[in-house]
Amino acid sequence: MPNNEIKKTDIPQVLEISDVVGEGKEQKSFFFKQSLQCRPGQFIMVWIPGLDEKPMAVSYWSRNEFAFTSKAIGKFTNALEKLKKGDKVGIRGPYGSSFSIKSNACVVGGGVGMASVSTLIDVLKNPIVINGARSKEYLIYLDRFKSKKMIVATDDGSFGRKGFVTQVLNGVLTENKKIKMVYTCGQEIMMKKVLGVCNRHNVECEASLERYMACGFGICGKCMINDKLCCVDGPIFNSKQLMSMPDFGNFAMLKSGRKVTIEEYHKIH
Amino acid sequence: MLQIKLCGISLKNPTILASGILGVTKESVHRIGKSGAGAVTLKSLCHEERDGFSNPAMFGYDGVFLNAVGLPGQGIDSAIKDFGRLDNLSVPVIGSIYGYRVEQFGQVAKKMASLKPAMIEVDVSCPHMDYGKPYYADPELTAKVTGAVKANAGRIPVSIKLSPNVYDIKEIAHSAEKSGADAITAINAASGMVIDISARKPILANKIGGVTGPALKPIAVRCVYEIYETVKIPIIGTGGVTYGKDAIEMVMAGATAVGIGTGIYYRGISVFKKVCDEMMQWMKKNKVKSLNEIRGCAHK
Ligand SMILES: Cc1cc2nc3c(=O)[nH]c(=O)nc-3n(C[C@H](O)[C@H](O)[C@H](O)COP(=O)(O)OP(=O)(O)OC[C@H]3O[C@@H](n4cnc5c(N)ncnc54)[C@H](O)[C@@H]3O)c2cc1C
Ligand SMILES: Cc1cc2nc3c(=O)[nH]c(=O)nc-3n(C[C@H](O)[C@H](O)[C@H](O)COP(=O)(O)O)c2cc1C
């Protein structure tokens, strides 16, 4: 019988923000001079003492530094937006599954979804990056990835190609038969379409999903997608898993645990 | 070897998922069942939908786990639609309920009973609307709630879940038994707080929360021990059970079954199978053939 014991620590560690960098409209990256053992696609829980704690993908990573990139959309992320260098937040994690790292890959990011795939892009060999957003001012990481093969698209055509990333992906997969893997993060409706495109081209896909999260380590059950826990089984799921989850692209649970359509889920919060 | 009977229900082993850890959807019930639990307790449900508290709602370190989730839940009506029924799932299901007022406990119990759970567990941790005191903190309040639930549960056995945050847990257990409870679940979390000295603030959004996991175990074992001396009804010993030896200890204190919640945090969903395997190893080594041989043996 095992004797004591398994050591586990999941308590926020309060860190000073070492830098804040504006990335695009309403989007900022927050840097910390701290080493973090982390794989591409994993996330951390960010605590603003006295306010709330929310999941954020690790968007920059090096041996002694990491950052996350937040888009201001509500109470918590607007409070983050106001934080400055020297302010303190609590960090715990990293949590969740990570992207497999395959060559001959295409990465599709929609809006701030680029944050979840950015450290993956850093480590992939010559990936094709499709970076899309509603319009020009919402695009992020254009400079950061300018040395990569990057196709930029905006819904309104204000920068790069006009149209959805799924259309661009379809073109890329049609022309380039070498691509074996597509990694994606963005709105769930978009990712569902990305999976559809991949299936039509017989290409594997891995997507980073979002659900309301409280613990981040598989206890509270708030982030369940069918029988999977988004926080520990995900947030990265592969084609096979995605196709066995009827909720994917369709349903999500509110904070209370009541299941609603994805559209309602995004509207209510 | 590990088979038990709890209020007439046969369980393949004594490990039961405690309320509030996963156990929110049908699919999670199946998953926990498949992972080896003898029974699964659902997250507590009341008469309305609740969001619960903001985050941080839980965290853990060094065998200490704190939570203050604020009883979030979809509410019993929505759960009825979601689950349909509870008697045809792959594992026996215990429906955990509560209300704000005594009548609501009865109403929710009636609705829960319509789903046909193997058992109804009553979470008496929320404060009584009129007395401002939690239902677990006063033998008379506990009796009222037990009576209201029993009157509405039909033939489904009812377990009252007690809190360690009282002066004398024996009198509360006694009162529940006298009012018709068929079992006692002991215990819920112990009240606690952790302050981050850098942030100079309590970490939990609700500031005060409940301590669970290994830190809770000695308190839970003491409570089960005291309750066993007081009542004849079976006890679901809950609090800090992480390893097989913890479950054996609970049984020695007098538990018929053991609840496991935070154990999932430490050892994953496979904790049920691991605990059972470790219990059987211990039993073989110590030539114990059935848990009946050691139940309550610490009292002799
Ligand atoms: C694994 C994961 C990684 C994420 N990475 C990033 C990232 O890198 N950058 C980024 O800007 N955003 C990221 N998010 C989303 C981010 O957590 C939400 O934008 C944030 O919680 C919104 O909080 P709010 O108070 O500002 O907005 P609210 O108005 O409270 O909520 C707006 C929307 O945010 C989502 N949300 C709210 N609370 C939570 C929660 N506790 N858990 C999950 N989703 C929630 C819901 O979809 C909700 O509809 C990630 C989410 C997950 C699950
Ligand atoms: C996150 C969390 C949520 C809980 N929610 C409930 C609940 O809704 N109803 C309830 O009766 N007990 C609830 N509990 C208490 C547990 O059921 C159990 O009594 C307690 O955690 C002690 O057991 P453990 O140490 O095995 O976790 C909760 C515990 C945790 C950790």
Side-chain angles (χ1 to χ4, degrees), chain A residues 1-16 45-55 75-76 87-90 92-93 212-229 232-233 244-247 251 253-260 268-269, chain B residues 20-28 30-31 34 43 45 49-67 69 72-75 78-79 82 194 196-203 205 214 242-245 261-262 264-269 274 278-279 281-282 285:
Chain A
M1 200 176 295
N3 268 317
N4 298 340
E5 301 298 323
I6 295 166
K7 283 258 184 242
K8 269 188 89 168
T9 298
D10 289 290
I11 191 166
Q13 193 187 347
V14 174
L15 301 176
E16 214 177 89
M45 295 296 289
V46 179
W47 176 42
I48 301 181
L51 184 67
D52 212 324
E53 187 190 44
K54 303 272 185 183
K75 198 166 150 194
F76 179 82
D87 287 339
K88 289 173 179 175
V89 296
R92 61 184 175 88
Y212 186 88
M213 286 180 186
C215 68
F217 44 65
I219 289 294
C220 69
K222 283 191 185 248
C223 68
M224 291 208 78
I225 315 178
N226 301 109
D227 71 338
K228 299 282 187 297
L229 285 156
V232 293
D233 301 318
S244 70
M245 301 192 299
D247 284 1
F251 299 102
M253 285 196 299
L254 299 175
K255 202 175 171 187
S256 70
R258 182 163 59 88
K259 202 191 257 192
V260 296
I268 282 192
H269 278 279
Chain B
I21 294 86
L22 304 175
V24 282
T25 62
K26 214 176 197 169
E27 286 143 317
S28 68
H30 277 303
R31 187 163 169 185
K34 262 191 265 167
K43 169 82 193 159
L45 291 160
E49 182 177 356
R50 285 172 57 96
D51 276 351
F53 301 140
S54 297
N55 297 331
M58 63 189 85
F59 57 85
Y61 66 95
D62 297 347
V64 179
F65 194 88
L66 261 88
N67 89 84
V69 288
Q74 58 179 328
S78 171
D82 213 21
V194 172
D196 184 283
I197 61 170
S198 245
R200 305 182 180 201
K201 283 196 168 66
I203 297 176
T242 315
Y243 296 94
K245 61 186 165 68
T262 311
I264 294 183
Y265 169 68
Y266 290 98
R267 303 184 77 190
I269 290 177
K274 289 174 183 160
E278 290 154 10
M279 287 176 88
Q281 267 174 37
W282 184 92
K285 196 168 159 205

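Proteins get letters first, then strands, A, B, ... in listed order; numbering begins at 1 in each.
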Practice task
Heavy atoms only: give me the nearest B:Phe59-A:Phe217 pair and the separation to one decimal.
Solution key: CA-CZ, 4.3 Å
Handout entry: Spacing of B:Ile21 atom CD1 and A:Cys220 atom SG [to the nearest 0.5 Å]
Key = 10.5 Å
Fill in the blank from the handout: Scored by heavy-atom pairs under 4.5 Å with chain A, the best of B:Glu27, B:Lys201, B:Lys26 is B:Glu27
Exercise for the section: For A:Asp227 and B:His30, run side-chain contact (heavy atoms from CB on, under 4.5 Å): C-alpha distance rounded to whole Å, both residues' side-chain angles, the deciding distance at 0.1 Å, then the answer. Expected result: CA-CA 8 Å; A:Asp227 71 338; B:His30 277 303; over 6 Å; no
Problem - When A:Lys222, A:Glu53, A:Arg92 are compared by non-hydrogen pairs under 4.5 Å with chain B, the top option - result: A:Glu53
Practice task
Side chain from CB out, backbone as N, CA, C, O: work out which of these in B:Ser28 comes under 4.5 Å of a heavy atom of chain A, or both, or neither.
Solution key: both
Problem - Validation row: A:Lys255, B:Ser54 side chains within 4.5 angstrom (heavy atoms) - result: yes
Problem - Rounded distance [0.5 Å steps], CG in A:Leu254 versus CD in B:Gln74 - result: 10.0 Å
Fill in the blank from the handout: Distance col, row A:Ile11:CD1 vs B:Leu66:CG, nearest 0.5 angstrom, shows 8.0 Å
Exercise for the section: Take B:Arg31 and A:Asp233, measure what salt bridge (Lys or Arg N to Asp or Glu O under 4.0 Å) needs, and give me the verdict at the end. Expected result: CA-CA 13 Å; B:Arg31 187 163 169 185; A:Asp233 301 318; 2.7 Å; yes
Exercise for the section: Flag the pair B:Val24 / A:Met224 as yes when at least one side-chain heavy-atom distance between them is below 4.5 Å, and no otherwise. Expected result: yes
Exercise for the section: Give a yes or no answer on whether the side chain of A:Asp52 reaches the backbone of B:Asn55 with a donor-acceptor pair at less than 3.5 Å. Expected result: yes
Exercise for the section: Pick one of side chain, backbone, both or neither for A:Leu51, based on which atoms fall under 4.5 Å of a heavy atom in chain B. Expected result: backbone
Problem - Part of B:Asp51 lying under 4.5 Å from any heavy atom of chain A - result: both
Fill in the blank from the handout: Rounded to the nearest 0.5 Å, the OG1 atom of B:Thr25 sits from the CG atom of A:Asn226 at a distance of 8.0 Å
Fill in the blank from the handout: The interface call for B:Pro202 against chain A, heavy-atom contacts under 4.5 Å, is backbone
Practice task
Please state whether the side chain, the backbone, both or neither of B:Phe65 comes within less than 4.5 Å of a heavy atom of chain A.
Solution key: side chain
Fill in the blank from the handout: Looking only at heavy atoms, the pair that brings B:Ser198 and A:Lys88 closest together is O-NZ, 4.4 Å
Exercise for the section: Among the options A:Gly50, A:Ala214, A:Pro12, pick out the one with the most heavy-atom pairs lying under 4.5 Å from chain B. Expected result: A:Ala214
